[in-house]
> 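Take this structure first; my questions come after.
The model shown is predicted, which means the values in this text are computed figures rather than measured ones. Nothing fancy with the numbering, it's 1 onward along the sequence.
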Amino acid sequence: QRLDDAGRRMANCLRKAVDDRARRLETLDAGRRMASCMTKGMEDRARRVDSLDKLRLSLDPKRPLRLGFALVTRPDGTLVHHGGGLAPGEAVSLMFEDTTRQAVIDGEGGAVAAQPVAAKPSPKKATPTSTQQGDLF
């Protein structure tokens, strides 16, 4: 009977040790999965931030100036969208990347007629000199 009691106590201790070990392993596995999820989430967020930063840079109003364009404004600060709306003698400001210069519109306004483009002649196909095929043997 004492051996049976000792066997039961030993079996209970062993069962408890196995259960504790299983819980620790489950906790470690959950920790690994959580760390993996967190890493993936951080990588996704970093890609999103990079994408938004590229979009921010592309929407920078000074970007066209760095590409060689100029921003044309009237003296009151309004933006000139179309050159046809400018009158001869009207003052404008030309904003470049590095400086702003003043200018006066000269000449007549209106659309510039496009020059007709001559069509390129199509290359002639080479005509065979002989219509008969020679003997290959």
> Does any part of the side chain of T100, heavy atoms only, come nearer than 4.5 Å to the side chain of L94, both counted from C-beta?
no
> Any non-hydrogen side-chain atom of L65 less than 4.5 Å from a side-chain atom of L71?
yes
> Quick one: which residue pairs count as a salt bridge (charged side-chain N to carboxylate O under 4.0 Å, His left out) with a foot in residues 86-103, not counting sequence neighbours?
R74-E90
> Using side-chain heavy atoms (C-beta onward) and a distance below 4.5 Å, is T73 in contact with T78?
no
> On a heavy-atom basis, which atom in P75 and which in A91 lie closest, and how many Å separate them?
CD-O, 3.2 Å
> With a 4.5 Å limit on heavy-atom distance, are the side chains of P88 and D106 in contact?
no
> Please enumerate all residues that pass salt bridge (charged side-chain N to carboxylate O under 4.0 Å, His left out) together with K40, with sequence neighbours excluded.
D44
> Do N12 and R15 get their side chains close enough for a donor-acceptor pair, meaning under 3.5 Å?
yes
> So which residues get pulled into L59's cluster when ILVMFWY side chains under 4.5 Å apart are joined, directly or through others?
L55
> CZ of R21 to CD of E26: how many Å apart, nearest 0.5 Å?
12.0 Å
> So L79 and V72, side-chain contact (heavy atoms from CB on, under 4.5 Å) or not? Walk me through it.
CA-CA 6 Å; L79 188 64; V72 182; 5.9 Å; no
> Quick one: CZ on F69 to CZ on R63, what's the gap to the nearest 0.5 Å?
10.0 Å
> Does any N or O in the side chain of R56 come within less than 3.5 Å of the main-chain N or O of L52, such that one atom is a donor and the other an acceptor?
no
> Between R33 and D29, is there a salt bridge with N-O shorter than 4.0 Å?
yes
> Considering only NZ, NE, NH1 and NH2 on the basic side and carboxylate oxygens on the acidic side, decide whether D5 and R8 come within less than 4.0 Å.
yes
> Are I105 and V80 connected in a single hydrophobic cluster, I mean Ile/Leu/Val/Met/Phe/Trp/Tyr linked by side-chain heavy atoms less than 4.5 Å apart?
yes
> Check whether any side-chain heavy atom of R23 sits under 4.5 Å from a side-chain heavy atom of D20, and report yes or no.
yes
